[in-house]
Undergrad: 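Encoded as structure tokens, here's the structure I'll be asking about.
Computed over heavy atoms, backbone and side chain alike; hydrogens, waters and symmetry mates excluded.
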Amino acid sequence: MLVVVLTGCGNMNSPVTKSSTNFWDRYVVYYFQQFILVMAKNWHLGVAWAIIVFTVIVRVILLPLMYFQSKSQKKQMQLQPEIKQLQQKYPGKDVDSRQKLNEETQKLYSEAGINPMLGCLPLLLQMPIMLALYQAIYRTPDLRVGSFIWMQLGQPDQYHILPIVAGLLTLLSSWLTMKATPQQGGIGMAMMGVSAIMITWFAWVTASAVSIYWVVSNLFQVGQTMLLQNPWQIQREMAAKEKEKKDKERRLRRAKRRALKKR
């Protein structure tokens, strides 16, 4: 909400300079603009490559936060049996039951050191970055006149290749995340489809330079998910724990049968 208000205060048709009076323009968009321009000039990069390097830098900065997010999600997965028990105990058919379920769930999270809101934080941080980058490109002539492969950076991709790639990478990234957190179920499937459609549409109508940011960011996300939340490794660990649990129950049943025979 704060970002939307700040971006709305700026004049989208006016260039951003050091003299801009709006806080968002002066201290966010301006420095994004200058960072990309300085990289493009001093590192002898084109604007597109400067945006790619900028994207990687941003994602590396966010990596520790993503790491803690993945740890939080893994802990939430481990709590699923206890949460299901609470849901059976408090089915939520009335206000008191729903309130009690929320209280017990929060207590369970607190005891495990889990903050559910942490899962939303990376997205909340990426949104203002994307908005600031879009405005920096849209309101900086030097960033709109560049080209990359077949694209004009200040215009949407005329062949719509980049939007499709952005959508597919979003779909792949979401699918890998869902495989790593299978408890999401149908909700996760719905969110996966909606996010892919939204990103495809966004990349379809916006400047190619912003689409480049999104493609590189999602490509980084795929690699990051494989590193931090490898779904196949997580599923192997879950299968091993389930097997260990069943073996323990089997040994317990055998021990009970032996005890009964001795009597």
Side-chain angles (χ1 to χ4, degrees), residues 1-62 65 120-167 169-170 195-221:
M1 290 283 293
L2 178 61
V3 171
V4 170
V5 170
L6 289 172
T7 54
C9 292
N11 183 356
M12 282 293 290
N13 295 318
S14 65
V16 179
T17 67
K18 199 171 183 178
S19 302
S20 298
T21 56
N22 176 262
F23 178 87
W24 174 260
D25 292 350
R26 173 66 182 84
Y27 294 103
V28 182
V29 179
Y30 175 76
Y31 284 110
F32 273 46
Q33 168 205 93
Q34 291 301 306
F35 189 71
I36 295 171
L37 288 174
V38 167
M39 280 198 303
K41 180 180 179 181
N42 293 351
W43 296 5
H44 306 290
L45 300 172
V47 172
W49 281 107
I51 291 171
I52 291 171
V53 173
F54 170 84
T55 304
V56 173
I57 291 172
V58 168
R59 293 307 305 240
V60 169
I61 291 172
L62 291 176
L65 183 61
C120 302
L121 194 55
L123 178 61
L124 294 176
L125 288 175
Q126 287 187 72
M127 285 304 296
I129 291 171
M130 190 170 60
L131 288 169
L133 178 63
Y134 172 76
Q135 289 200 11
I137 293 165
Y138 186 82
R139 300 166 68 181
T140 307
D142 290 344
L143 297 180
R144 282 186 286 140
V145 296
S147 61
F148 183 66
I149 314 177
W150 65 86
M151 297 168 290
Q152 294 299 314
L153 297 181
Q155 301 295 327
D157 180 0
Q158 58 179 332
Y159 300 117
H160 309 302
I161 295 173
L162 210 61
I164 293 172
V165 172
L169 284 174
T170 301
S195 62
I197 291 170
M198 287 181 63
I199 293 304
T200 302
W201 172 82
F202 184 78
W204 198 284
V205 299
T206 196
S208 295
V210 181
S211 299
I212 289 172
Y213 166 81
W214 201 256
V215 167
V216 176
S217 182
N218 272 315
L219 192 59
F220 191 99
Q221 177 72 28

Undergrad: Does I197 have any side chain to side chain contact (heavy atoms under 4.5 Å, CB included) partners at least two apart in sequence or in another chain, and if so, which?
TA: none
Undergrad: Should P128 and W24 count as side-chain neighbours, where that means a heavy-atom distance under 4.5 Å?
TA: yes
Undergrad: To the nearest 0.5 Å, what is the distance between OG1 on T200 and CG on L162?
TA: 10.5 Å
Undergrad: Taking all non-hydrogen atoms of both residues into account, name the closest pair between A132 and V29 and its distance.
TA: O-CG1, 4.1 Å
Undergrad: Rounded at 0.5 Å granularity, tell me how far CD1 in I149 sits from CD1 in I212.
TA: 7.5 Å
Undergrad: I'd like to check F148 versus I51 (side-chain heavy atoms, cut-off strictly below 4.5 Å). Are they in contact?
TA: no
Undergrad: Would you mind reporting whether D25 and Y30 have side-chain heavy atoms less than 4.5 Å apart?
TA: no
Undergrad: Taking S211 for the side chain and P163 for the main chain, is one N or O donor matched with an acceptor at less than 3.5 Å?
TA: no
Undergrad: Restricting to ring pair (Phe, Tyr, Trp, His ring centres under 6.0 Å), what partner residues turn up for Y31, sequence neighbours left out?
TA: none
Undergrad: Please list, chain by chain and in numerical order, all residues satisfying ring pair (Phe, Tyr, Trp, His ring centres under 6.0 Å) with F32, sequence neighbours excluded.
TA: F54
Undergrad: Test: side-chain hydrogen bond (donor to acceptor under 3.5 Å, both in side chains). Region: residues 37-62. Which pairs qualify, not counting sequence neighbours?
TA: R59-Q126, R59-S217, R59-Q221
Undergrad: What residues, two or more places apart in sequence or in another chain, satisfy side chain to side chain contact (heavy atoms under 4.5 Å, CB included) together with A40?
TA: A50
Undergrad: Closest approach of S208 and M151, non-hydrogen atoms and distance?
TA: OG-CB, 3.8 Å
Undergrad: Quick one: side chain to side chain contact (heavy atoms under 4.5 Å, CB included) partners of I161, sequence neighbours excluded?
TA: W150, D157, Y159, V165
Undergrad: Which pair of heavy atoms, one from N218 and one from T170, lies closest together, and at what distance?
TA: ND2-OG1, 3.0 Å
Undergrad: Under the side chain to side chain contact (heavy atoms under 4.5 Å, CB included) rule, collect the residues that match up with A166, sequence neighbours excluded.
TA: I199, A203, W214, V215
Undergrad: So how far is it from L219 CG to I52 CD1, rounded to the nearest 0.5 Å?
TA: 10.0 Å
